[in-house]
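Step one of this worksheet: look at the structure below.
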Amino acid sequence: MRFALLALAALASASTLTPSVLPLIVRNPYLSTWLGRAREAPWEDWPIFWTGSHIGFSVMASVPSAGRVYPLIGRPHDSLPRSHKFYNVTFPEYLGATFDASTTNLTYRIPGTSDDESVKVTLSFLSPITPSSTLRQSIPAAYLTVSVEGCLDVNVYHDLNGEWVTGNRGNVLKWELFEPSRKRGNSASAIKTWKLARRQEQLLTEFNDHAEWGTLHFTAPADVHHQCGTSAILRQHFAEKGLLKNEIDKNFRRVMEEEPVFAYSKAFKLSGSKPGSGCTAKTDSVSFTYALIQDPVVQFASARGLTLMKPLWTSYFSSPDELVRFHYNDFEVAASLARNYSESVARDAYQSGSQDYQDIVALSARQVLGATQFSGTPDDPILFLKEISSNGNFQTVDVIFPAFPFFLYTNPKWLGYLLEPLLEHQLSGQYPNNYSMHDLGSHFPNATGHGDGRDEYMPVEECGNMLIMGLALANSLKYDTEPAFMAAALEDGAELIVGTAEWPESVDKYGLDLRREFVTTGTKAAEKWLSRSYRLWEQWTGYLVRESLIPHNQLCTDDFAGWLANQTNLALKGIIGIKAMSEIAEIVGNEEDAKKYRDVSARYIKKWQEYGISRDQTHAKLAYTWYGSWTTIYNLYAESLLCFHISDPQTLRHQDYTDGVERQKPIGDGKSGGPFIPDRVYQMQSDWYSAVLQQYGLPLDSRHLYTKSDWEFFAAAVTSKKTRTEILGTIATWVNETSTDRPFTDLYDTEGSGGYPGIYFMARPVVGGHFAFLALERACGGKAVEALKFLDETPQGRINVGQALLADLPESVSWEADL
């Protein structure tokens, strides 16, 4: 375990940005703990749930030889007198935080009587992202490893409270300590587990976005001390004695009624045998795990009716205790897989953008998956998603869409698991409208559908989103687009999983995915997947043919900006959706439909340029009739991602590599037929974005100075390197300076303090859009980015924004005749 921990710590040491909030334990919408005020010392405040509410979680260290107690995270010292006859509360030297895609490390130095006797303490939080092991990704659990290095004897204390299982402090808790017996000859580590839940759970219910059902399993090695009881009493006892009493307070009570906490303590003997003689620094560690067990995880209006959905892990483990035991002993493998992914992300992001971009995508990764819950079966996995913070909708299409670059880069099959429940529900006839639904339910975890058809009204938006994502996924299947890290070999010493012979045939003996979900790869796999839902693709495209060229008054995904008719960017999405349908039809062998939709989209895109671009051809307007306006046309990204901008489709043909070097395989359809949207539109927008850039980024449009970070990355991905670098630099500055105080917001002001614009988005999975550069670079066998090289070969134009907007203001145009 120590090797894996040190390797994770070394990797995470590369981070340089200083965000205001950092992920600690982030696995799903309800197991979501963050370090708030992350630019300050971690003992300045309690960790937070994603909403910003405090959550009981603390770690302290004591040095018995010096009589000092050091808070490390949380505010356990509030329970201690600053001065006591047996100890003094002192603060350590905080060496800072580092992070990668799966890990956050907090490091401290605790002094001794000399520099040689100090001890370095690292709290390493691991929420492993494991693209090659859906089984492991589905486990609702995370790790904390406390490592110590030095020459001082040091004791460590860790506790948490009932806020992990309820958002209502008035609720009564129940708890127990579970110490499983070990079978003779079993090499697994002996463990003990606090089990904590509400005394009366409320199934599939939330209170202030916290789950009101489920049991937290808080696990440690069997040889540590344990105790539960009133928080102040336990902390004071540890501060005085350096250990806990192995006692259990059995007086079940409310969360903050003589606040019951559940604690462990561990003693580390690091000092030399002779006091004062000096010593060689020693290292040691202890690991804790946190698993929030919920069964069912959601209810879903499936084709067979309203169904209570079990978590995916129940297909592999017979009980929560078995799951927890496996997870605890799986640290080495989970850490290895997570490290492989983190290294790949770091390397790819650095090459794609910069060190800043590397940090931004690393900061975003856990947040994306932190909005999801795995369910279904090994043969038919489902990935459910909560629209965190904005309104809590279930499986929101226009939240999946901005997040989908993350899934295309990380594991395209997971994108399929996200789309499956939307397709199943609508194929079953439970949604009455002829356009794509907005979401599966008004609030997670209840996907009860919208049988009345009165979900949020974004018809062009959602039809375009589904068609674009559908083709993107089909292309990944067609060209067998598995990222390199999907085939990563486990390190020497990885152990077989006990009982795998009884498991479904979807995993190997190490719990890694077998290529079984789609049975075949290539064109047949894409055809099979698309054919099953062809009726929906065609239905949604028919709506776009009627409604997307000149969209009537409606919302787009940026619904906070309000209703608007004739939206230029929205129309572009719909037209690209029609073009996507032409490729979908071709894949399934319907040449007649392919030609029809190809012709329609070609005609529409010419009209779109006439209607949506300013009279002086310097920028896209916000709406066809809003003269003197401008907008970020982030939907241009989809045209490149789907390989529609490649001049020679023959370059997309699949290549066989005979030199033995493994390369990324293309996400592309191979028959784009040349650039769908002219180069000049890309060049025009690249130049314009550079001209309107603000202190902290690229505003969404001319109405406001706020922006959306996901759309900034979509837009920047299809600009020149110069413009992309400028945009990325301003976003990095914002990350370092923003006044926002919740997990990574995607909506913020580009001026002032970079704060919230009166709307508070936080912890949303849409930050998957930050992976737009990486997904595009893998698209079309690398040809998608290659097709945009012209942007770097043409000098950037100089634009006087004020003059350009004034030049667009006057006379009527003829587009109304096409109504």
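These values consider heavy atoms only, across backbone and side chains, with no hydrogens, waters or symmetry-generated copies.
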Side-chain donor/acceptor of [X] to backbone N/O of [Y], under 3.5 Å:
| X | Y | answer |
| --- | --- | --- |
| S354 | Y357 | yes |
| T541 | I578 | no |
| Q367 | V767 | no |
| W688 | A620 | no |
| R615 | L809 | no |
| S364 | I360 | yes |
| T707 | G697 | no |
| W734 | G754 | yes |
| T372 | L369 | yes |

Is K579 positioned over the aromatic face of Y597, cation under 6.0 angstrom from the ring centre and no more than 45 degrees off axis?
->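 Because its charged atom misses either the 6.0 Å distance or the 45° angle limit, K579 does not stack over Y597.
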Would you please indicate if the ring centroids of [X] and [Y] are separated by under 6.0 Å?
| X | Y | result |
| --- | --- | --- |
| Y634 | Y637 | no |
| H770 | F744 | yes |
| F713 | F773 | yes |

Side chains of [X] and [Y], donor plus acceptor under 3.5 Å:
| X | Y | value |
| --- | --- | --- |
| T16 | D359 | yes |
| S720 | T723 | yes |
| D398 | N465 | no |
| T745 | T740 | no |
| R366 | T104 | yes |
| Q351 | D348 | no |
| S614 | D616 | yes |
| T631 | D701 | no |
| S686 | T719 | no |
| Y706 | D558 | no |

On the 0 to 90° scale, with breaks at 30° and 60°, tag the F714-W711 ring pair as parallel, tilted or perpendicular.
->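 Plane angle over 60°, so perpendicular.
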Is the Y341 ring parallel, tilted or perpendicular to the F406 ring (thresholds 30°, 60°)?
->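 Ring orientation, 0 to 90° scale: perpendicular.
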Kindly write out the residues that satisfy salt bridge (charged side-chain N to carboxylate O under 4.0 Å, His left out) with K721, not counting sequence neighbours, or none if the list is empty.
->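 By the salt bridge (charged side-chain N to carboxylate O under 4.0 Å, His left out) rule, K721 matches no residue at all.
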Give every residue pair that meets the salt bridge (charged side-chain N to carboxylate O under 4.0 Å, His left out) criterion with at least one member in residues 754-764, sequence neighbours excluded.
->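 Non-adjacent pairs meeting salt bridge (charged side-chain N to carboxylate O under 4.0 Å, His left out): E387-R764, D746-R764.
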If a pair satisfies salt bridge (charged side-chain N to carboxylate O under 4.0 Å, His left out) and one of its residues is in residues 679-695, list it, with sequence neighbours excluded.
->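 Residue pairs with at least one partner in residues 679-695: there are none.
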Please lay out, stage by stage, how N736 and T18 fare under the test side-chain hydrogen bond (donor to acceptor under 3.5 Å, both in side chains).
-> CA-CA 5 Å; N736 281 336; T18 56; 3.0 Å; yes
Flag the pair [X] and [Y] as a salt bridge only when some basic side-chain nitrogen lies within less than 4.0 angstrom of an acidic carboxylate oxygen.
| X | Y | value |
| --- | --- | --- |
| E586 | R598 | yes |
| E793 | K789 | no |
| K722 | E726 | yes |

Can Q567 and Y624 be said to form a side-chain hydrogen bond (donor to acceptor under 3.5 Å, both in side chains), step by step?
-> CA-CA 7 Å; Q567 295 180 59; Y624 296 163; over 6 Å; no
Carefully, step by step, assess S640 and Y682 under the rule side-chain hydrogen bond (donor to acceptor under 3.5 Å, both in side chains).
-> CA-CA 10 Å; S640 283; Y682 283 81; 2.9 Å; yes
Do the side chains of L17 and L363 get nearer than 4.5 Å, heavy atoms only?
->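 Sidechains of L17 and L363: no contact.
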Option from H619, K621, Q685 for which side chain to side chain contact (heavy atoms under 4.5 Å, CB included) with W630 holds |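 Checked H619, K621, Q685 against W630; only one passes side chain to side chain contact (heavy atoms under 4.5 Å, CB included): H619.
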Least distance between heavy atoms, V735 atom then R39 atom =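 Closest approach of V735 to R39, heavy atoms only: O-NH2, 2.9 Å.
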